[in-house]
Amino acid sequence: MRRTAVRLGHHRGVSVAAVTMATCLLAGCSDGGGGAAKGEPELGPVASNPATASLAFPMDAYTDSEADSRRMEHVQDRMISECMARYGFQYVGPRSYSGPTPSANAEDRHRYRYGTADPAHAARYGYDKQAGAGPQAKPARPELSDSAMLVLNGVRSGESVQNRPDPVSHEEAEKTDSGISVGGKKVPPGGCGREGYRRLYAPTKDSVDLLFGFGLSSEALDRSKNDSRVRDVVAKWSACMAEAGYAGIETPYDVVEKLGLAGDKGGPRAVVVAVKDVACKREVNLVGVWAAVETAYQNQLVDEHAETLALYKKQRDARFELAASMS
């Protein structure tokens, strides 16, 4: 997927002051325990050991929740099915089923942003992120003939997709000849699979990349990792872990690998480590400090990309309206 490179204007994006203040009133706040180094953004109030479910970042307004993503996947599958039907083929997409029971973090989108941080989850599941999810129950899917596969993927068997046209938007695709026909009808470039994606996420040439917001969120997290205040609180957390007998763990993201817990993330040893991990995070207020720092960097990026984000939000709202009309 291509990212829209537009970057215009400056405008304060989504404010989290109200959310932050509410969190502070409930949990208590500090000033972050240190000033900013040269070039680092100033922080707002720093919540004291906030629950991950209470975290709210500026970029949340531009990234889908788990529920949103699943809903749009179903819509995309329906669009692919509609396209396949034009050629006389029945198609049931891989996501066209009720799916597993929502995971424990379905409505806690930042649960693992700074590693395991919830005391109750750590005590029960250790580092097992999939705990609590139900089994998937997929219905039987119809077998697709070679012709149906050609319509779905827009590429002949053994042919590289790189040799086929792949317009960025649905608007452009409607004017592009794929060079493939089935039953006397032209197959859309990239097949019905790509048509479903373009109709939903890239209907026009000015469509902002679906992952634009996620990219900015990831960039803010990367910037925060190098911030002096985050490095300081992570170092304190690491020292706490070392005192508990878990030396040599530099960041919360390294625990499972460093301690060889990957084979049994929810086992007794993993639970013991996870409980101490969370206790050390709370001792130094790692989540509160890191979230405040990341929020500051996200606000910078919202300012820098204000116009593109406004366009993305407008297009996202249109997608949600379309999804509602198809339900």
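Ion pairing of Glu219 with Arg223 is present here, as a side-chain N (NZ or NE/NH1/NH2) and a carboxylate O approach within less than 4.0 Å. Ion pairing between a basic and an acidic side chain is recognised when a charged N comes within 4.0 Å of a carboxylate O; Asp317 and Lys313 show such pairing. Electrostatic pairing of Asp232 and Arg229 does not count as a salt bridge here, judged by no charged N lying under 4.0 Å from a carboxylate O.
Applying the disulfide bond (SG atoms under 2.5 Å apart) test to pairs two or more places apart or on separate chains, none has a residue in residues 288-327. Residue pairs meeting the ring-ring contact (aromatic ring centres under 6.0 Å, His included) criterion with at least one member in residues 223-281, sequence neighbours excluded: Tyr253-Trp290. Listed by first and then second residue, the disulfide bond (SG atoms under 2.5 Å apart) pairs involving residues 191-264 are Cys83-Cys192, Cys240-Cys280 (not counting sequence neighbours).
Cluster membership check: Val278 does not share its hydrophobic cluster with Tyr127, using side-chain heavy-atom separations under 4.5 Å among Ile, Leu, Val, Met, Phe, Trp and Tyr.
Residues passing the salt bridge (Lys or Arg N to Asp or Glu O under 4.0 Å) test with Arg319, sequence neighbours excluded: none. Residues satisfying the ring-ring contact (aromatic ring centres under 6.0 Å, His included) test with Tyr201, not counting sequence neighbours, are Tyr197. Take Asp146 and apply the side chain to side chain donor-acceptor pair (under 3.5 Å) test, not counting sequence neighbours, and it matches no residue. Annotation: side chain to side chain donor-acceptor pair (under 3.5 Å) contacts of Thr251 (sequence neighbours excluded): Asp254. Scanning for side chain to side chain donor-acceptor pair (under 3.5 Å) contacts around Glu294 gives Arg113, Tyr114, Gln298, with sequence neighbours left out. Residues satisfying the side chain to side chain contact (heavy atoms under 4.5 Å, CB included) criterion with Ala296, sequence neighbours excluded, are Pro41, Leu43. Not counting sequence neighbours, Glu283 has no partner by the salt bridge (Lys or Arg N to Asp or Glu O under 4.0 Å) test. With sequence neighbours left out, the salt bridge (Lys or Arg N to Asp or Glu O under 4.0 Å) criterion links Asp64 to Arg316. Applying the side chain to side chain donor-acceptor pair (under 3.5 Å) criterion to Asp118, with sequence neighbours excluded, gives no partner residue.
With hydrogens and angles disregarded, a donor-acceptor distance shorter than 3.5 Å links the side chain of Ser145 to the backbone of Ala148. Side-chain atoms of Ser81 come within 3.5 Å of backbone atoms of Tyr91 as a donor-acceptor pair (strictly under, hydrogens ignored). Put simply, the side chain of Asn285 gets close to the backbone of Ala47: a donor and an acceptor are under 3.5 Å apart. Remark: side-chain polar atoms of Lys276 are not paired, donor with acceptor, to backbone N or O of Ala244 under 3.5 angstrom. No donor-acceptor pair closer than 3.5 Å links the side chain of Ser54 to the backbone N or O of Pro50. With Ser238 contributing its side chain and Ile249 its backbone, the two residues share a donor-acceptor pair below 3.5 Å. Side chain of Glu171 to backbone of Lys205: a donor-acceptor contact under 3.5 angstrom is found. The closest donor-acceptor contact from the side chain of Arg282 to the backbone of Pro119 lies at 3.5 Å or more, if one exists at all.
In this structure, Arg71 satisfies the cation-pi test against Phe320, with its NZ or CZ atom closer than 6.0 Å to the six-membered ring centre and inside 45 degrees of the ring normal.
When all heavy atoms of Ala270 and Lys265 are compared, the pair lying nearest together is CB-O, 3.1 Å. Here the closest non-hydrogen pair linking Pro268 and Asp264 is CD-OD2, 4.3 Å.
Around CZ of Arg231, the count of heavy atoms belonging to other residues, nucleotides or ligands within 6.0 Å exceeds 12.
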Carefully, step by step, assess His305 and Tyr312 under the rule side chain to side chain contact (heavy atoms under 4.5 Å, CB included).
-> CA-CA 11 Å; His305 300 275; Tyr312 174 82; over 6 Å; no
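To the nearest 0.5 Å, atoms CG (Leu150) and CD1 (Ile180) are separated by 5.0 Å.
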